[in-house]
Amino acid sequence: MAGTGGPHFSDWLAPGTPTPRDVVATAYFAHSARLTARAAGVLGREEVAARHHRLADAVRTTFTERFVTVAHSPGGGRPTVRVAGDTQTGCLLALAFDLVPPGLVAGVADRLAELVEAAGPALLTGFLGVALAAPVLDAHGRADLAHALLLRDEVPSWRFPLRHGATTVWERWDGWTPDAGFRAPSMNSFNHYALGSIGEWLYRGVAGLDQAPDSTGYRHLRIRPRPGSLRHARARHESVRGTIEVSWERDGGRISLRVLVPPGSTADVYVPTTDPRSVRESGAVPGADDAHVTELASAADHVLYRVSSGVYRFTAALPPPGPHAASAPVRPAPAPPPARSHEEDTP
């Protein structure tokens with residue numbers, strides 16, 4: 001278990017119950033060791049890589065032993081899993097950094113969804129948890145909750161500042177509220193990055209512009225939009241290989257998806273649809289007369305194609321919202337007011 005002596009801000013400025021510091025420290029100890037091992041492997045430092053993989057494995061085991069509890073159902077159903085502190089950030093760290101055994105992952109993901117839903121749905125995360133929330137929810141089948149968080153416009157949310165005229169991201173979820181006014185000026189920035197880390201998922205998730213896990217320099221792209229109930233999105237990235245663009249728009253019962261793949265790259269394109277027969281590329285059945293488009297697979301909510309460099313214009317029947325899909329913007333009941341940690345100044 002990682003030590004917690006000295007300065008330790010934990011999940012800074014998280015509303016509600018704080019995530020235990022030893023949970024945060026141990027999670028990042030394991031994550032840092034794993035990143036070091038992977039970097040050493042890329043550099044050909046095999047002994048260093050092996051040593052740090054062993055360290056990461058040991059810390060991961062300790063994390064599970066010290067901080068994860070399991071209650072098995074008498075009926076043999078899915079076990080109830082809790083991470084110490086029972087906070088959203090604790091669950092997010094465990095899932096994002098692969099800190100629990102495979103058999104417990106679904107239980108932790110279930111608990112994360114329960115905590116988010118019970119809060120509003122809303123986030124009760126600070127600087128550390130906020131960046132992980134949407135990607136982790138998405139990765140575990142709850143992109144609907146990630147979209148619900150985007151649509152929320154009460155504290156804590158991203159749209160609350162926008163609704164009140166903000167043009168930058170605030171340091172605090174509640175840097176200003178109608179009831180309390182401004183927080184103490186000694187620590188209340190209105191131009192702060194941390195909560196703006198949702199931008200990564202807006203690119204990779206909502207717009208769908210990403211690269212495959214084993215790709216470097218955008219050699220192999222992964223284009224997988226998650227429209228939710230949004231009407232349109234567009235993202236652009238100037239990569240080392242050239243411009244990458246993804247844009248999609250919903251019109252009635254159809255979706256249009258435009259993808260620009262730069263020279264020297266290929267892309268796996270997930271076209272959202274529940275009707276594979278409805279998919280067209282530039283008005284034709286994909287791959288019928290074009291060797292640059294190959295169908296790889298189809299699933300309940302998409303058809304997957306591999307394409308080479310070029311511009312592609314897909315259309316398809318728009319999949320209906322799933323059972324948890326977020327609807328039009330609403331103003332759900334506010335989450336509990338942010339609790340001050342002992343490190344914070346007093347307004």
Clusters formed by hydrophobic residues whose side-chain heavy atoms approach within less than 4.5 Å: which one holds Y270, and what are its other members? L296, L304
Which atom of R82 lies closest to which atom of E114, heavy atoms considered: NH2-OE1, 4.3 Å
side-chain contact (heavy atoms from CB on, under 4.5 Å) test vs L209 passes for just one of L221, I244, V259, namely I244
Judged by modelled atom types alone, do T87 and T19 share a side-chain donor-acceptor pair under 3.5 Å? yes
Which residue pairs pass the salt bridge (charged side-chain N to carboxylate O under 4.0 Å, His left out) test with at least one member in residues 263-276, sequence neighbours excluded? D268-R306, D275-R277
Using the benzene-type ring in the case of Trp, are the ring centres of Y305 and F314 under 6.0 Å apart? yes
Residues pairing under salt bridge (charged side-chain N to carboxylate O under 4.0 Å, His left out) where one sits in residues 29-39, two or more places apart or in two chains, turn out to be R34-D57
Indicate the atoms forming the closest heavy-atom contact of P79 with V70, along with that distance. CB-CG1, 3.6 Å
For G129 and T89, which heavy atoms make the closest approach, and how far apart are they? CA-OG1, 3.7 Å
Do V48 and L55 sit in the same hydrophobic cluster, where Ile, Leu, Val, Met, Phe, Trp and Tyr count as joined when their side-chain heavy atoms come under 4.5 Å apart? no
Minimal heavy-atom distance between A316 and P272, with the atoms involved, is CB-O, 4.0 Å
Kindly state each residue pair satisfying ring-ring contact (aromatic ring centres under 6.0 Å, His included) with at least one member in residues 189-212, sequence neighbours excluded. F127-H192, H147-W201, W170-F190, F182-F190
For residues 219-249, the ring-ring contact (aromatic ring centres under 6.0 Å, His included) pairs (sequence neighbours left out) are Y218-H237
Where at least one partner belongs to residues 91-109, residue pairs that pass salt bridge (charged side-chain N to carboxylate O under 4.0 Å, His left out), sequence neighbours excluded: R60-D98
